[in-house]
Amino acid sequence: MAASEGTFRLGPDTGRVVIKTSRAGLAARAGHDLTIEVTRWSARVAVPAEGDGGLAAATISAELDLGSLEVREGTGGAMPLTDRDRREIKKQMEKILGSGTATFASSRIIPSGSSGGAIEGTVTLNGKTQPARLQVTGSGSGRYRGSATLAQTGFGIKPYTGFFGALKLRDEVVVEFEVDLS
């Protein structure tokens, strides 16, 4: 994971953050696996000079606006995802998450080779803080991709259920990001 020294401010104009959900339960075939984009977010990456620790001493923080979640894709399901479905899902997300923010703060960067590594830190959501580990890969041209798996219940969130409990959202969701530091 090579990055130039400096401070980088990131947001929707330099990358993308999405949340991927999957379904479970007896009626799982009726539901959709969702890709939900966070359309308003910001991040700060500070990489000190090599003499001051370089990439291993970098700090990363991010803030995600939960009121900006938009359903981008729904795969699977008995029927294609409609605009009405998207509106209903957005209402449910607002009901469950509100319009606050989720934050990430790094505590440790673990470079691995020239194009990857991990970022350890904490995620705060719904008034609760949980550890998180983001696996990261880089393309060598300043572009980075990464993901982390988070359990909703760790943040006091009861995963969505429908059809009298026969359709359930899995507890684990995957948060993926792609950013350009060039």
Side-chain angles (χ1 to χ4, degrees), residues 9-45 60-107 119-136 144-180:
R9 299 207 181 277
L10 307 171
D13 58 331
T14 58
R16 188 171 187 224
V17 177
V18 297
I19 302 162
K20 295 196 172 187
T21 68
S22 57
R23 58 217 144 100
L26 295 173
R29 288 187 192 147
H32 298 89
D33 294 330
L34 301 175
T35 299
I36 302 164
E37 185 170 5
V38 183
T39 62
R40 289 187 305 269
W41 60 277
S42 63
R44 181 180 179 275
V45 178
I60 300 163
S61 60
E63 188 171 294
L64 312 176
D65 179 346
L66 299 177
S68 75
L69 301 178
E70 294 292 338
V71 177
R72 296 297 188 208
E73 184 180 16
T75 59
M79 305 281 284
L81 192 67
T82 66
D83 288 341
R84 181 174 181 259
D85 293 333
R86 291 177 205 279
R87 287 190 300 275
E88 288 301 315
I89 293 166
K90 183 155 178 92
K91 282 183 196 175
Q92 285 297 322
M93 289 187 301
E94 289 171 352
K95 188 174 164 182
I96 294 168
L97 298 172
S99 60
T101 59
T103 61
F104 173 80
S106 67
S107 57
I119 303 167
E120 293 180 343
T122 56
V123 172
T124 301
L125 169 64
N126 202 30
K128 300 193 183 317
T129 301
Q130 293 289 312
R133 181 181 176 103
L134 288 75
Q135 292 302 130
V136 181
Y144 295 89
R145 301 179 83 122
S147 66
T149 300
L150 303 173
Q152 297 177 75
T153 53
F155 299 98
I157 298 169
K158 181 181 176 196
Y160 172 80
T161 60
F163 298 114
F164 306 102
L167 173 63
K168 301 175 184 180
L169 189 64
R170 289 190 192 279
D171 188 20
E172 294 78 21
V173 298
V174 177
V175 178
E176 296 179 352
F177 69 90
E178 183 176 315
V179 295
D180 188 348

Can you tell me if R40 uses its side chain to pair, donor with acceptor, with the backbone of D65 under 3.5 Å?
no

Verdict with reasoning, V179 to V45, per side-chain contact (heavy atoms from CB on, under 4.5 Å)
CA-CA 11 Å; V179 295; V45 178; over 6 Å; no

G74 and L34 have their tightest heavy-atom pair at CA-CD2, 4.0 Å

By the definition salt bridge (Lys or Arg N to Asp or Glu O under 4.0 Å), identify the one residue from R86, R72, K90 that meets it with E37.
R72

Out of curiosity, L97 CG to L69 CG, how far, rounded to the nearest 0.5 Å?
6.5 Å

Check this for me, if you would: do K91 and E94 make a salt bridge, where the nitrogen-to-carboxylate-oxygen distance has to be below 4.0 angstrom?
no

Using a 3.5 Å distance criterion without hydrogens, assess whether the side chain of T124 forms a donor-acceptor pair with backbone atoms of T103.
no

V173 versus I36: any side-chain heavy-atom pair under 4.5 Å?
no

Working to the nearest 0.5 angstrom, can you tell me the gap between R170 CZ and K20 NZ?
15.5 Å

Pick from L125, T101, I96, N126: which one makes a side-chain contact (heavy atoms from CB on, under 4.5 Å) with L66?
L125

Tightest non-hydrogen contact, residues P80 and D85, listed as O-OD2, 3.8 Å

If you define the side chain from C-beta out and look only at heavy atoms, does anything of H32 sit under 4.5 Å from V71?
no

Look at the side chain of D180 and the backbone N and O of G15, then say whether any donor-acceptor pair between them is shorter than 3.5 Å.
no

Please assess L10 against W41 for the test side-chain contact (heavy atoms from CB on, under 4.5 Å), listing each intermediate value before the final yes or no.
CA-CA 8 Å; L10 307 171; W41 60 277; 4.0 Å; yes

Determine, stepwise, if the pair E176 / T35 fulfils side-chain contact (heavy atoms from CB on, under 4.5 Å).
CA-CA 10 Å; E176 296 179 352; T35 299; over 6 Å; no

V38 and S68: which non-hydrogen atoms are nearest, and at how many Å?
CG1-OG, 3.7 Å

Are F177 and L134 packed together at the side-chain level, in the sense that at least one heavy-atom pair is separated by less than 4.5 angstrom?
yes

Residues I19, L150; criterion side-chain contact (heavy atoms from CB on, under 4.5 Å); working and verdict:
CA-CA 10 Å; I19 302 162; L150 303 173; over 6 Å; no

Using modelled atom types and a 3.5 Å cut-off, is there a donor and acceptor pairing between side-chain atoms of D171 and backbone atoms of T153?
yes

If I compare all heavy atoms of P12 with all of T39, which pair ends up nearest, and what's the gap?
CG-O, 3.2 Å

Check whether any side-chain heavy atom of R23 lies under 4.5 Å from a side-chain heavy atom of D33, and answer yes or no.
yes

